[in-house]
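Heavy-atom basis, side chains included; hydrogens, waters and symmetry copies ignored. A, B, ... follow the sequence lines: proteins, then strands. Residue 1 opens every chain.
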Amino acid sequence: MVENRSGEGAATHAADEVRYNPAEIEPRWQQIWAAQPDLYAAEAAPKPGETGKPKYYVLEMLPYPSGQLHMGHVRNYAIGDALARYMWMQGYNVLHPMGWDAFGLPAENAALKNNTPPREWTLSNIAAMKRQMERLGLSYDWQTEVTTCLPEYYRWNQWFFIQMFNKGLAYRRKSKVNWCPECATVLANEQVINGRCWRHEDTLVEQRDLEQWFLRTTNYAQELLDGLDKLDGWPEKVRTMQRNWIGRSEGAAVEFAMEDPATAPEDEKHLTRHAGTHVLPAHDDVKASGEKVAVFTTRIDTIFGATSLQLAPGHALVKTLTAENPRLAKEVEDLIEQQKKARETGDIGAIEKHGVFTGRYAINPFSNERLPVWVANYILADYGTGAIMSVPAHDERDFEFAKKYGIEMRIVVLPRRTVEVETDGPQETLLPYTEEDSLLINSGDFNMLGCVEAQHRMAAYAQEHGFGQATVSFRLKDWGVSRQRYWGTPIPMLYCEKDGIVPVPEDQLPVILPPQVEITQQGGSPLGRVPEFVNATCPKCGGPARRETDTMDTFVDSSWYFYRYTDAKNSSAPFDPAKVAYWFPIDQYIGGVEHAILHLIYSRFWTRVMRDLGLVKNDEPAARLFTQGMVIKGGAKMSKSKGNVVSPDDMIARYGADATRMYALFAAPPDRDLDWQEDGVAGVSRFLGKVYRFVMRHAAIARGVTAQATGSDPASQQLLRKLHQTIRKITQDFGGRWHFNTCIAAVMEMVNTFTAADEKIASGEVPPATVAVLLENLVLLLAPFAPYIACELWQELGRQGDLLRAPWPQFDEALAKEDELEVPVQLNGKLRSVVRVAAEADQDTIRDAALADEKIKAAIEGKEVVKVIIVTGKLVNLVVK
RNA sequence: GCCCGGAUGGCGAAAUCGGCAGACGCAGCGGACUUAAAAUCCGCAGGCCGCAAGGCCGUGGGGGUUCAAGUCCCCCUCCGGGCACCA
């Protein structure tokens with residue numbers, strides 16, 4: 001026992017006390033854990049009829065193996081690890097896996113730079129990061145590790161691809177694609193941010209025409225949208241972002257017949273292009289040319305106000321029209337150029353509207369009028385039908401365009417009030433008028449209908465007459481998955497002269513990525529330069545075939561990796577559906593908000609595809625999602641260019657893994673950004689030292705004592721009360737808010753209370769049984785946040801068994817309850833005094849105590865108490881005059 | 001432009017349901033221990049006035065509701081994120 005007699009508290013025993021030395025404790029436990037490969041292994045699903053423990057699948061997003069963990073990772077994993085350990089202690093069967101998102105461009109860049117093969121580079125990075133994770137003491141079951149760049153994994157990407165191909169969900173078409181010159185590959189729309197590459201913020205994305213493989217995400221657009229309503233375990237922010245991304249809009253498609261130019265009236269044929277600024281009435285000879293233009297509109301109710309059609313420069317009909325009109329071709333060329341430029345610079349919203357009249361007319365199927373057909377740079381070829389009816393009076397963009405070119409405006413919708421009193425005021429000042437809570441005018445048989453009703457009726461009318469119908473348009477596109485890269489999953493397709501596109505037979509999977517491929521900066525797929533890879537045999541006819549040389553987008557890998565964890569070594573299927581049925585959905589998924597749309601929409605899509613293949617029963621991959629905040633330093637995101645990167649290795653070397661992890665939880669609530677301050681880590685480390693010394697000082701008392709003591713002596717009562725209040729707080733937080741910062745603060749407070757009783761503990765005034773309870777529970781409460789020190793102290797207390805499976809402490813409301821309360825007393829809302837009353841005191845007692853208080857008595861002297869407000873257990877407010 | 005967050009001491013933050021603003025920690029100051037330092041321990045600590053008792057002010061700004069507002073309502077400023085010619 002250490003000398004502890006000083007009147008100055010614990011001052012004197014410090015000198016000869018054991019020091020907290022994480023550099024010694026942590027590697028030792030790391031070895032002990034490493035020697036038990038099953039330590040973090042989940043139990044198998046119970047057999048039918050058996051009732052096992054409840055399952056809990058906690059998952060953190062798998063990292064890209066860059067070679068170095070950064071603080072964002074540490075924070076992400078500290079959250080997941082605390083939760084996993086807590087759930088273990090709560091008696092759950094926990095699946096807590098980790099893997100590597102191991103394909104991707106940086107490996108090729110590294111190959112170029114250091115002449116290291118991508119595979120070697122990647123695998124050595126994985127080894128390095130795995131060491132860091134182990135050093136952090138994270139509770140992953142490495143027996144379920146998934147590495148996406150290994151054939152054992154990516155063969156199932158290929159297998160899924162073939163299943164999708166067979167179901168028509170994977171298809172090939174030529175399309176304009178986003179091309180990043182830096183990556184020398186195609187990017188999905190999702191990977192283009194303000195016209196720039198998501199990996200290269202300074203690189204403008206170009207448009208190229210290429211044959212590409214697509215997955216039909218649009219088949220699931222509606223379901224992906226509807227599913228969001230049920231995902232109440234996901235942050236509203238993420239759901240909103242996905243809703244915006246899917247971008248559903250209801251409207252109608254309407255076909256406009258093109259007028260045969262030969263039937264235009266004689267006198268019109270000499271008109272200049274400005275003829276195109278006015279709607280012309282139908283004439284007897286009007287005849288359709290056979291060409292049709294479909295437009296998509298959300299405001300079919302305004303169709304009588306349409307005064308032109310506007311085509312996207314890339315619209316199919318524009319090609320026909322320009323073929324016979326060189327002057328037009330030249331002008332359209334300019335429009336395309338403007339649009340391209342705007343898209344590349346990301347200023348699509350700010351581009352100056354330009355357009356050109358084609359000289360042709362289309363016939364409005366509702367009014368039979370002839371509308372001039374234009375080509376305009378503000379119309380997008382890849383949304384809706386690539387053509388619109390322009391209603392300048394009721395659409396801001398059309399209004400702006402029409403004003404510029406002097407195109408006619410026609411008011412067909414007005415506020416109810418205006419229509420009902422038939423005012424003839426200057427209605428033009430209203431324009432553009434876009435409200436839908438309005439009535440139709442100048443719209444033939446549809447006059448006086450409300451907009452919304454008119455939309456339904458007019459769509460029905462269009463359908464009846466065969467030139468349109470109500471329809472829904474989505475912003476979400478099919479997922480382009482082809483990449484002209486080496487380091488990815490080969491797309492398992494063959495091209496045969498005779499049989500066309502043929503999938504690689506399943507028994508020939510995986511299509512192995514050839515190991516020795518020269519990586520160069522020239523464009524096109526590196527695999528195309530490997531004849532042994534390209535040249536294959538057609539499985540149908542046995543003749544020569546050419547292998548697809550593109551690889552898959554790496555978001556394919558991460559779309560289903562978490563299913564593989566449940567059955568990582570399966571060599572005959574991606575996974576055993578029974579295992580997935582047991583573990584899914586993921587109970588808690590944790591990662592950065594930056595994946596709110598890309599990864600998380602693709603994953604939701606993939607899950608539905610697997611469901612429709614009969615492999616899984618769940619619709620959604622994850623029941624709950626948590627998005628943690630960024631780690632910043634000095635107000636800015638950590639980045640090499642800013643030079644404010646803090647290395648986890650440094651922190652661990654200086655303060656230990658426990659302190660580093662715990663600081664990541666302590667410095668801010670997990671959903672908010674965290675400002676990394678090294679002094680704060682030192683503070684947490686000091687706290688752990690205090691805990692360590694406190695437990696070591698009294699461990700001898702606790703060792704061997706197993707009493708359940710609930711000590712009735714005053715000292716025990718006070719200490720146990722604090723203990724049970726703390727258990728209650730942390731237990732409730734794990735089940736709800738996840739404010740681990742205040743959980744750790746609560747443990748600090750508790751330890752402060754305990755150390756203040758140091759002498760009473762040493763002297764025996766606090767019974768040994770109480771001491772044992774305090775120390776044991778302190779260690780248990782620390783276990784999810786600081787596993788090393790917790791295990792060390794658990795052993796020092798002589799406790800048997802694995803701390804990971806030790807039951808989480810139960811709180812006892814009776815013990816947590818205060819028997820006396822301090823009740824603030826306010827006068828007119830201002831604090832004037834505090835009185836102590838019994839916890840169960842009734843309102844009268846509290847009032848009397850307040851009025852009897854000396855300070856209060858003095859303050860209300862000569863005044864009238866108008867009202868007394870008593871909030872039981874909270875405060876008293878006296879309203880005085 | 002639209003939609004979400006956020007703004008609280010010197011700093012990170014707390015206040016979960018409208019009820020003592022600033023828990024916990026960092027940095028700081030004073031003290032103990034020490035030949036000295038480190039480590040540790042004890043104490044002080046929102047601002048202003050005051051020897052003190054105490055008083056006044058205070059949660060980005062302005063208004064409001066209430067016995068009582070960081071918290072609810074209206075208006076505004078700044079910061080961060082998402083979407084943005086999507087017909």
Subject >> Side-chain donor or acceptor of His394(A) paired with backbone N/O of Tyr433(A) under 3.5 Å >> reply: yes

Original post:
Does Ser249(A) have a side-chain nitrogen or oxygen under 4.0 Å from the phosphate oxygens OP1 or OP2 of A87(B)?
Top reply: yes

Original post:
Checking all strands, does Arg243(A) fall into the base, sugar-phosphate, or nothing category for heavy-atom contacts under 4.0 angstrom?
Top reply: nothing

Original post:
Between Lys729(A) and Asp733(A), is there a salt bridge with N-O shorter than 4.0 Å?
Top reply: yes

Original post:
Can you tell me how far P in C51(B) sits from the matching atom in C41(B), rounded to whole Å?
Top reply: 36 Å

Original post:
From C20(B), C83(B), C85(B), pick the nucleotide closest to the side chain of Val834(A)?
Top reply: C20(B)

Original post:
Expressed in whole Å, how much space separates the P atoms belonging to C42(B) and A27(B)?
Top reply: 16 Å

Original post:
The side chain of Lys690(A) lies closest to which of these nucleotides: U16(B), C41(B), A14(B)?
Top reply: C41(B)

Subject >> Nucleotide G22(B), atom P - distance to CG of Leu831(A) in whole Å >> reply: 10 Å

Subject >> Atom pair distance, as rounded to whole Å: CG in Leu827(A) and P in G54(B) >> reply: 14 Å

**OP:** Please work out if Asp398(A) contacts a base, only the sugar-phosphate, or nothing of the nucleic acid, heavy-atom cut-off 4.0 Å.
**Re:** nothing

**OP:** Check every atom of A84(B), C20(B), C24(B) against the side chain of Arg475(A) and return the nucleotide holding the closest atom.
**Re:** A84(B)

Original post:
What integer number of Å spans the C1' atoms of G31(B) and U16(B)?
Top reply: 39 Å

Original post:
Counting side-chain heavy atoms from CB outward, which of G19(B), A14(B), G82(B) is closest to Ile869(A)?
Top reply: G19(B)

Subject >> Straight-line distance of His739(A) NE2 to Ile730(A) CD1, nearest 0.5 Å >> reply: 14.5 Å

Original post:
With a 3.5 Å cut-off and no angle check, do the side chains of Gln222(A) and Arg248(A) form a donor-acceptor pair?
Top reply: yes

**OP:** May I ask you to say what Gly683(A) touches in the nucleic acid, namely base, sugar-phosphate or nothing, with a heavy-atom cut-off under 4.0 Å?
**Re:** sugar-phosphate

**OP:** Can you figure out which of G82(B), C83(B), C67(B) approaches the side chain of Lys867(A) most closely?
**Re:** C67(B)

**OP:** Have a look at Lys729(A) and say if it touches a base, only the backbone sugar-phosphate, or nothing, with a 4.0 Å heavy-atom cut-off.
**Re:** base

**OP:** Select from Arg832(A) and Gln732(A) the residue whose nearest nucleotide in RNA chain B is closer to the 5' end of that strand.
**Re:** Gln732(A)

Subject >> Selected nucleotide, minimal atom distance to Asp395(A) side chain, candidates C20(B), U16(B), A87(B) >> reply: A87(B)

**OP:** Using a 4.5 Å cut-off on heavy atoms from C-beta on, say whether the side chain of Ile388(A) contacts that of Asp398(A).
**Re:** yes

Subject >> C1' gap between A14(B) and A23(B), integer Å >> reply: 5 Å

Subject >> Between A15(B) and U71(B) - P atom distance, rounded Å >> reply: 15 Å

Original post:
Taking the nucleotide of RNA chain B with the closest heavy atom to each, which residue, Pro669(A) or Arg248(A), is nearer the 5' end?
Top reply: Pro669(A)

Original post:
Looking at the angle O4'-C1'-N9-C4 for a purine or O4'-C1'-N1-C2 for a pyrimidine, is G9(B) syn or anti, with syn meaning within 90° of 0?
Top reply: syn

**OP:** When you get a sec, tell me which of C24(B), C83(B), A15(B) is the closest nucleotide to the side chain of Arg737(A)?
**Re:** A15(B)

Original post:
Taking O4'-C1'-N9-C4 for purines and O4'-C1'-N1-C2 for pyrimidines, is C17(B) syn (within 90° of 0) or anti?
Top reply: syn

**OP:** Let me know the distance between CD of Gln677(A) and P of G25(B), rounded to the nearest Å.
**Re:** 15 Å

Original post:
Can you check the Asn752(A) CG to C24(B) C1' distance for me, whole Å?
Top reply: 8 Å

Original post:
Nearest of C56(B), C20(B), C85(B) to any side-chain atom of Tyr378(A)?
Top reply: C85(B)

**OP:** Start with the C-alpha gap between Glu250(A) and Gln455(A), add the side-chain angles, then the distance that decides, and say whether side-chain hydrogen bond (donor to acceptor under 3.5 Å, both in side chains) holds.
**Re:** CA-CA 10 Å; Glu250(A) 275 180 36; Gln455(A) 284 164 17; over 6 Å; no

Subject >> Proximity to the side chain of Phe666(A) - top-ranked nucleotide from G25(B), U16(B), C26(B) >> reply: G25(B)

Original post:
Under 4.0 Å between a side-chain N or O of Arg686(A) and OP1 or OP2 of A27(B)?
Top reply: yes

**OP:** Indicate yes or no: does Glu236(A) engage Arg239(A) in a salt bridge with an N to O separation below 4.0 Å.
**Re:** yes

**OP:** Mind calculating the distance between NZ (Lys830(A)) and C1' (G55(B)) to the nearest angstrom?
**Re:** 10 Å

Original post:
Under 4.0 Å between a side-chain N/O of Arg239(A) and OP1 or OP2 of G82(B), yes or no?
Top reply: no

Original post:
At under 4.0 Å between heavy atoms, what does Ile379(A) touch on the DNA or RNA strands: base, sugar-phosphate, or nothing?
Top reply: base

Subject >> d(CZ, Arg672(A); P, G80(B)) in whole Å >> reply: 16 Å

**OP:** For U59(B) and A7(B), measure between their P atoms and round to the nearest Å.
**Re:** 14 Å

Original post:
For RNA chain B, what dot-bracket results from Watson-Crick or G-U pairs at under 3.5 Å, with [ ] for crossers and | for inter-strand partners?
Top reply: (((((((..(((......[....))).(((((.......))))).((((....))))..(((((..]....))))))))))))....

**OP:** Just call it for Asn877(A): base, sugar-phosphate, or nothing, with non-hydrogen atoms closer than 4.0 Å on any strand.
**Re:** base

Subject >> Whole-Å gap separating P (A39(B)) and OH (Tyr655(A)) >> reply: 11 Å

Original post:
Taking the P atom of each, how far is G46(B) from G22(B), in whole Å?
Top reply: 9 Å

**OP:** If the plane angle is over 60° it's perpendicular, under 30° parallel, otherwise tilted; pick one for His599(A) and His595(A).
**Re:** perpendicular

Original post:
How many Å lie between CD1 on Ile744(A) and P on A13(B), as a whole number?
Top reply: 14 Å

Original post:
Which whole number of Å gives the distance between the P atom of A39(B) and that of C26(B)?
Top reply: 12 Å

Original post:
Using a distance-only test with no angle check, is there a side-chain donor-acceptor pair under 3.5 angstrom linking Gln843(A) and Thr872(A)?
Top reply: yes

Subject >> Donor-acceptor pair present, Asn244(A) side chain and C83(B) base, under 3.5 Å >> reply: no

Subject >> Pair Gln242(A)-Arg604(A), side-chain donor/acceptor within less than 3.5 Å >> reply: yes

Original post:
Could a donor-acceptor pair under 3.5 angstrom be found where the side chain of Lys353(A) meets the base of C85(B)?
Top reply: yes

Subject >> Whether Gln310(A) side chain and Ser390(A) backbone form a donor-acceptor pair below 3.5 Å >> reply: no

